[in-house]
Amino acid sequence: MPDPSSVSAAARTSAPATGTAETSRGPSFAVVRQIHAGELNIGYAETGPAHGPVVILLHGWPYDIHSYVEVAPLLAGHGYRVIVPYLRGYGTTTFLSGRTFRNAEQVVFARDIIALMDALRIERAVLGGFDWGSRTADIIAALWPGRCKALVSVSGYLITNRKAQQQPLPPTAEWAWWYQYYFSIARGELGLAKYRDDFAKLIWRNVSPTWHFSDATFNRTARAFDNPDYVPIVIHNYRWRLGLAPGDPRYDGLEAKLAEGPPVHVPAVTLDGALDPFTPPGNGAAYRSKFTGPYAHRTLQGIGHNVPQEAPEAFARAVLDADRM
């Protein structure tokens with residue numbers, strides 16, 4: 001198995017031509033590929049050897065595939081085939097039909113990734129994510145463990161229980177979620193559409209207080225918000241969580257299973273950014289019981305919400321460790 005202590009050295013010796021490239025905006029994915037998968041045409045970046053063990057890395061909101069632009073070559077240098085897809089509503093991922101319900105309940109993102117794996121003929125992969133990506137990876141690990149070799153999940157167990165969502169949080173925690181309530185009204189939807197870049201930049205600064213990103217770094221990601229389905233997907237996701245918007249009845253059975261809080265049995269490493277306002281107290285204790293297989297937890301001091309972009313070596317090391325558990 002790969003030696004986690006050599007992450008940096010691997011990155012220096014590997015620069016796959018089809019993976020990442022240096023541009024005037026900093027590192028970027030050289031090629032974004034497209035493939036029909038389920039009800040989507042999914043855009044994804046890929047780097048590393050074509051026949052290497054697969055790692056799929058999943059971004060959140062309001063971010064995109066470039067959260068992993070430094071993680072991907074680290075893992076490729078260890079022989080992994082790394083795939084980083086745009087989630088529905090972001091970047092070059094589009095719906096195949098204009099008539100399809102722009103559904104953003106939690107399980108559809110997991111179904112999208114399963115469809116992507118099927119389209120690419122990938123049976124199993126190590127899954128890693130943060131924010132929406134953590135939730136998506138957690139769901140696949142819990143409901144389809146045969147497709148998930150190991151898991152890296154920032155903020156731990158993020159599967160949504162909509163009944164629990166009806167209960168108030170302490171005021172400081174509610175403040176961190178202010179935008180969720182803003183999005184529940186028409187003014188919030190209009191605000192996101194009109195100020196999508198300003199909105200995202202504000203969130204980045206609030207949830208990652210020590211991450212001093214450049215305008216070029218932000219603008220590289222902000223292009224992913226130009227997707228015509230970005231606003232409908234974001235709005236539906238947050239309204240669905242609060243019980244303010246329905247999902248697709250086809251997925252009611254799966255959502256009922258998720259509401260029970262199914263455990264994750266696959267090997268897992270959970271990461272918390274110590275400065276992330278969404279990190280639960282207790283150094284991982286709040287969700288420890290949900291991980292029943294081989295397990296490790298790490299809290300990253302001085303790091304906020306966007307762990308893979310703020311601490312790429314720590315994230316890559318977690319993937320290597322999870323895979324060798």
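Values reported hereafter were calculated over all heavy atoms of this structure, with side chains retained and with hydrogens, waters and symmetry mates removed.
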Please table the atom pairs, donor to acceptor, closer than 3.5 Å between any side-chain atom in residues 169-177 and protein atoms at least two apart or in another chain.
from: E174; atom 1: OE1; to: Y181; atom 2: OH; distance (Å): 2.4
from: E174; atom 1: OE2; to: L169; atom 2: N; distance (Å): 3.0

Original post:
If we only count heavy atoms from C-beta on, is the K149 to V266 side-chain gap below 4.5 Å?
Top reply: no
**OP:** Look up atom CG in D112 and atom CD in E39, then write down how far apart they are to the nearest 0.5 Å.
**Re:** 6.5 Å
**OP:** Run the salt-bridge test on R147 and D118 with the 4.0 Å N-O cut-off and return the result as yes or no.
**Re:** yes
Original post:
Heavy-atom distance under 4.5 Å between the side chains of Y238 and S184, does that happen here?
Top reply: no
Original post:
So which heavy atom on G89 is nearest to which on I233, and how close?
Top reply: CA-CG1, 4.0 Å
Original post:
Pick from L127, I65, L75: which one makes a side-chain contact (heavy atoms from CB on, under 4.5 Å) with L57?
Top reply: L75
**OP:** Start with the C-alpha distance between F130 and L58, add both sets of side-chain angles, then the distance that settles side chain to side chain contact (heavy atoms under 4.5 Å, CB included), and finish with yes or no.
**Re:** CA-CA 7 Å; F130 77 106; L58 304 171; over 6 Å; no
**OP:** Look at the side-chain heavy atoms of Ile, Leu, Val, Met, Phe, Trp and Tyr, link any pair under 4.5 Å apart, and say whether F101 and L40 land in one connected group.
**Re:** no
Original post:
Is there a donor-acceptor pair under 3.5 Å between the side chain of S67 and the backbone N or O of Q309?
Top reply: no
Original post:
Do L87 and L96 share a hydrophobic cluster, counting only Ile, Leu, Val, Met, Phe, Trp and Tyr and linking them when any side-chain heavy atoms are less than 4.5 Å apart?
Top reply: no
Original post:
Would a 4.5 Å heavy-atom cut-off, applied to side chains only, mark V207 and W211 as touching?
Top reply: no
Original post:
Do Y157 and Y287 make the cut of ring centroids closer than 6.0 angstrom?
Top reply: no
Subject >> For P294 against H265, the heavy-atom pair lying closest together >> reply: CD-O, 4.3 Å
Original post:
For the side chain of R239 and the backbone of I185, is there at least one donor-acceptor N/O pair under 3.5 Å apart?
Top reply: yes
**OP:** Return yes if a side-chain donor-acceptor contact under 3.5 Å exists between H59 and D131, otherwise no.
**Re:** no
Original post:
Sub-3.5 Å donor-acceptor pair from the side chain of R135 to the main-chain atoms of L158, do we have one?
Top reply: yes
Original post:
Can we say D215 and K201 salt-bridge, meaning some charged N sits less than 4.0 Å from an Asp/Glu carboxylate O?
Top reply: yes
**OP:** Return yes if some donor-acceptor pair links the side-chain N/O of Q34 with the main-chain N/O of T92 below 3.5 Å, else return no.
**Re:** yes
Original post:
Is D197 salt-bridged to R223, going by a charged N under 4.0 Å from an acidic O?
Top reply: no
Original post:
Taking all non-hydrogen atoms of both residues, which atom of G273 and which atom of T279 are closest, and how far apart?
Top reply: O-OG1, 2.9 Å
**OP:** Grab the two heavy atoms, one from A322 and one from P267, that are nearest each other, plus how far apart they are.
**Re:** O-CB, 3.8 Å
Original post:
Is any side-chain heavy atom of Y44 closer than 4.5 Å to a side-chain heavy atom of L120?
Top reply: yes
Subject >> Approximate separation, where rounding is to 0.5 Å, of E189 CD and H236 NE2 >> reply: 11.0 Å
Original post:
When rounded to the nearest 0.5 angstrom, what is the spacing between CG in L244 and CD in Q180?
Top reply: 9.0 Å
Original post:
Between the main-chain N or O of S153 and the side-chain N or O of T270, is there a donor-acceptor pair closer than 3.5 Å?
Top reply: no
Original post:
Looking only at heavy atoms, what is the nearest atom pair of V126 and D323, with distance?
Top reply: CG2-OD1, 3.7 Å
Original post:
In the single-linkage hydrophobic clustering (I, L, V, M, F, W, Y; side-chain heavy atoms under 4.5 Å), do I114 and I56 co-cluster?
Top reply: yes
**OP:** May I ask you to check whether H66 and F29 place their ring centres under 6.0 Å from each other?
**Re:** yes
Subject >> Pi-cation contact, F95 with R102 (under 6.0 Å, within 45°) >> reply: yes
**OP:** State, with a plain yes or no, whether a side-chain heavy atom of N103 is found less than 4.5 Å away from one of W240.
**Re:** no
**OP:** Please assess V107 against K257 for the test side chain to side chain contact (heavy atoms under 4.5 Å, CB included), listing each intermediate value before the final yes or no.
**Re:** CA-CA 10 Å; V107 77; K257 291 181 180 179; over 6 Å; no
Original post:
Is the gap between the ring centers of Y230 and Y90 under 6.0 Å?
Top reply: yes
**OP:** Verify side chain to side chain contact (heavy atoms under 4.5 Å, CB included) between H78 and L74, making sure each step is shown before the conclusion.
**Re:** CA-CA 7 Å; H78 280 281; L74 295 174; 5.9 Å; no
Original post:
Under the 3.5 angstrom rule, does the side chain of T160 hit a backbone N or O of R162 as a donor-acceptor pair?
Top reply: no
Original post:
Does the separation of the ring centres of F291 and H297 fall below 6.0 angstrom?
Top reply: no
**OP:** Answer yes or no: is there a side-chain heavy-atom contact under 4.5 Å between R298 and D272?
**Re:** no
Original post:
Is a side-chain N or O of T93 found less than 3.5 angstrom from the main chain of R88, in a donor-acceptor match?
Top reply: no
**OP:** Any chance you could measure D276, atom CG, to L271, atom CG, to the nearest 0.5 Å?
**Re:** 11.5 Å
Original post:
So, does E46 use its side chain to make a donor-acceptor pair with the main chain of I83 at under 3.5 Å?
Top reply: no
Original post:
Are R288 and Y295 side-chain neighbours, meaning at least one heavy-atom pair lies under 4.5 Å?
Top reply: yes
Original post:
Under a single-linkage definition using a 4.5 Å side-chain heavy-atom cutoff for Ile, Leu, Val, Met, Phe, Trp and Tyr, are F278 and W132 assigned to the same hydrophobic cluster?
Top reply: yes
Original post:
Between the main-chain N or O of D248 and the side-chain N or O of E105, is there a donor-acceptor pair closer than 3.5 Å?
Top reply: yes
**OP:** Return the minimal non-hydrogen interatomic distance between A141 and V264, and the atom names on each side.
**Re:** CB-CG1, 3.9 Å
**OP:** Report the relative orientation of the aromatic rings in F213 and W204; use parallel for angles under 30°, tilted for 30 to 60°, perpendicular for over 60°.
**Re:** perpendicular
Original post:
For residues N306 and S208, is any side-chain donor paired with an opposing acceptor at under 3.5 Å?
Top reply: no
Original post:
Going by atom types only, do T299 and N283 share a side-chain donor-acceptor pair under 3.5 Å?
Top reply: yes
**OP:** Determine, stepwise, if the pair Q106 / E255 fulfils side-chain hydrogen bond (donor to acceptor under 3.5 Å, both in side chains).
**Re:** CA-CA 8 Å; Q106 62 181 346; E255 292 292 357; 3.0 Å; yes
**OP:** Run through L143, T136, I139 and flag the one making a side-chain contact (heavy atoms from CB on, under 4.5 Å) with I159.
**Re:** I139
Original post:
Where does the angle between the aromatic ring planes of W61 and F199 fall among parallel (under 30°), tilted (30 to 60°) and perpendicular (over 60°)?
Top reply: tilted
Original post:
Counting only N and O atoms by type, is there a donor-acceptor contact under 3.5 Å from the side chain of N227 to the main-chain atoms of G91?
Top reply: yes
Subject >> Full working for side chain to side chain contact (heavy atoms under 4.5 Å, CB included) between R220 and V69 >> reply: CA-CA 11 Å; R220 180 184 60 191; V69 73; 4.1 Å; yes
Original post:
Can you check whether Y68 and F315 have ring centres sitting under 6.0 Å from each other?
Top reply: yes
Original post:
For the hydrophobic clusters of this structure (ILVMFWY residues joined by side-chain heavy atoms under 4.5 Å, transitively), does one cluster hold both L202 and Y63?
Top reply: yes
Original post:
Would a 4.5 Å heavy-atom cut-off, applied to side chains only, mark L275 and T210 as touching?
Top reply: yes
